Protein chains: 2
Amino acid sequence: MELVHAIQNHCNCPIEATLNVIGGKWKPMILCLLANDTLRYNRIQQLIPEVSPKMLTKQLRELEGDGLISRKMYPEIPPKVEYSITDLGRTVLPVLKTLLEWGAEYLGKKCIATIQVNADN
Amino acid sequence: MELVHAIQNHCNCPIEATLNVIGGKWKPMILCLLANDTLRYNRIQQLIPEVSPKMLTKQLRELEGDGLISRKMYPEIPPKVEYSITDLGRTVLPVLKTLLEWGAEYLGKKCIATIQVNADN
DNA sequence: CGGTATCCCTCCGGATACTG
DNA sequence: CAGTATCCGGAGGGATACCG
């Protein structure tokens, strides 16, 4: 019931705010990738072949702007840029897990049953 | 974390699936409203003044198509249509709560007290 | 290597008017 | 009452080429 008011008041509804932060098409994927490793731009692109450079840059910038990931640039030639998850970004992982579990259970999406380090491309 | 492989495998990523279902602009709001009451079309529109009829209809149809809400039509003149949440829809309320709590805590969005989720868990 | 710039097209979504 | 119909601007997002 309070939930209703939270939204009705419409004072920056936290649900919408959260969705704005993690709802981007590639953001959950990026966050999960960075949860384990610090990765360079091209490496991310390899791991997500479907994303175009423009979109990848956009999603990374937004995640950085929201403080979920950090971008470290090494002034070298050739350039080197490393993306990693921040402490704030780590706090969102349980939220993603919730989304994953609901989707898996109620939408019948599998592919999470035996997820050890066995899966490979 | 296991999340990575779930997403890397990319076989209908459950996170994306969940976001597709609840990520619509007005869907969390509609679900929360219907969590407490069965409501008629115009009543929903009153409670969410910002939504246009076109968008409201679209979001309702999508929620219905995904099985989260049900639409009951009374063949009367004037017409009467009631929307209510389904059992499946109720299972998503804890997910919304997770989103709300994260947004409230880490994005500093207030305006919440407690959420009543009628499903036990 | 790590991006921009540009083109282009689709779809989102608001506003308004209308209808069975 | 519960929606459609229509118009329209703008954002989303793919493809390709180019740059520091």
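Hydrogens, waters and symmetry mates play no part in the numbers below; they use all other heavy atoms, side chains included. None of the values given here were measured: they were computed from a predicted structure. Residue numbering restarts at 1 for every chain, and letters A, B, ... go by the order of the sequence lines.
- The side chain of B:Met55 lies closest to C:dG14, out of C:dG14, C:dG20, D:dT4.
- Summary of the strand contacts: A:Val81 and B:Lys58 both lie near DNA chain C, and taking for each the nucleotide with the nearest heavy atom, the more 5' one is attributed to A:Val81.
- Although no hydrogens or angles enter the test, the distance criterion places no donor-acceptor pair under 3.5 Å between the side chain of A:Glu82 and the main chain of A:Leu39.
- The side chain of A:Arg40 places no N or O atom within less than 4.0 Å of a non-bridging phosphate oxygen (OP1 or OP2) of C:dC1.
- Atom-to-atom, CZ of A:Arg43 to P of C:dG3 comes out at 16 Å; the value is rounded to the nearest Å.
- Among the heavy atoms of the strands lying under 4.0 Å from B:Arg71 are primed sugar atoms or P, OP1, OP2 only; no base atom is included.
- Checked against C:dC1, D:dA2, C:dG14, the side chain of B:Trp26 finds its nearest nucleotide in C:dG14.
- Side-chain nitrogen and oxygen atoms of B:Tyr83 include at least one within less than 4.0 Å of the OP1 or OP2 phosphate oxygen of D:dG3.
- Residue B:Lys54 has no polar side-chain atom (N or O) positioned under 4.0 Å from OP1 or OP2 of C:dC12.
- Distance, A:Glu62 CD to C:dG3 P: 15 Å, rounded to whole Å.
- Across the protein-nucleic acid pair, A:Leu56 atom CG and C:dA5 atom P stand 16 Å apart, rounded to whole Å.
- Spacing between atom CD of A:Glu50 and atom P of D:dG12 amounts to 20 Å, rounded to whole angstrom units.
- Counting heavy atoms from C-beta on, the side chains of A:Gln45 and A:Pro53 come closer than 4.5 Å.
- B:Tyr74 and B:Tyr41 fall into different hydrophobic clusters, where Ile, Leu, Val, Met, Phe, Trp and Tyr residues are linked whenever their side-chain heavy atoms come under 4.5 Å apart, directly or through other members.
- The OH-P distance, from A:Tyr74 to C:dG2, rounds to 11 Å in whole Å.
- At least one side-chain nitrogen or oxygen of B:Arg61 sits closer than 4.0 Å to the OP1 or OP2 atom of D:dT4.
- A:Ile48 has its CD1 atom 12 Å from the P atom of D:dG14, to the nearest Å.
- With A:Ser84 contributing its side chain and A:Thr38 its backbone, the two residues share no donor-acceptor pair below 3.5 Å.
- In terms of modelled atom types and a separation under 3.5 Å, the side chain of B:Thr18 and the main chain of A:Trp102 share no donor-acceptor contact.
- Taking every side-chain heavy atom of B:Thr57 into account, D:dG3 is the closest of D:dG3, D:dG14, D:dG20.
- What separates CE of B:Met73 from P of D:dC1 is a distance of 15 Å, to the nearest Å.
- Note: CD1 (B:Ile77) to P (C:dG20) measures 12 Å, nearest angstrom.
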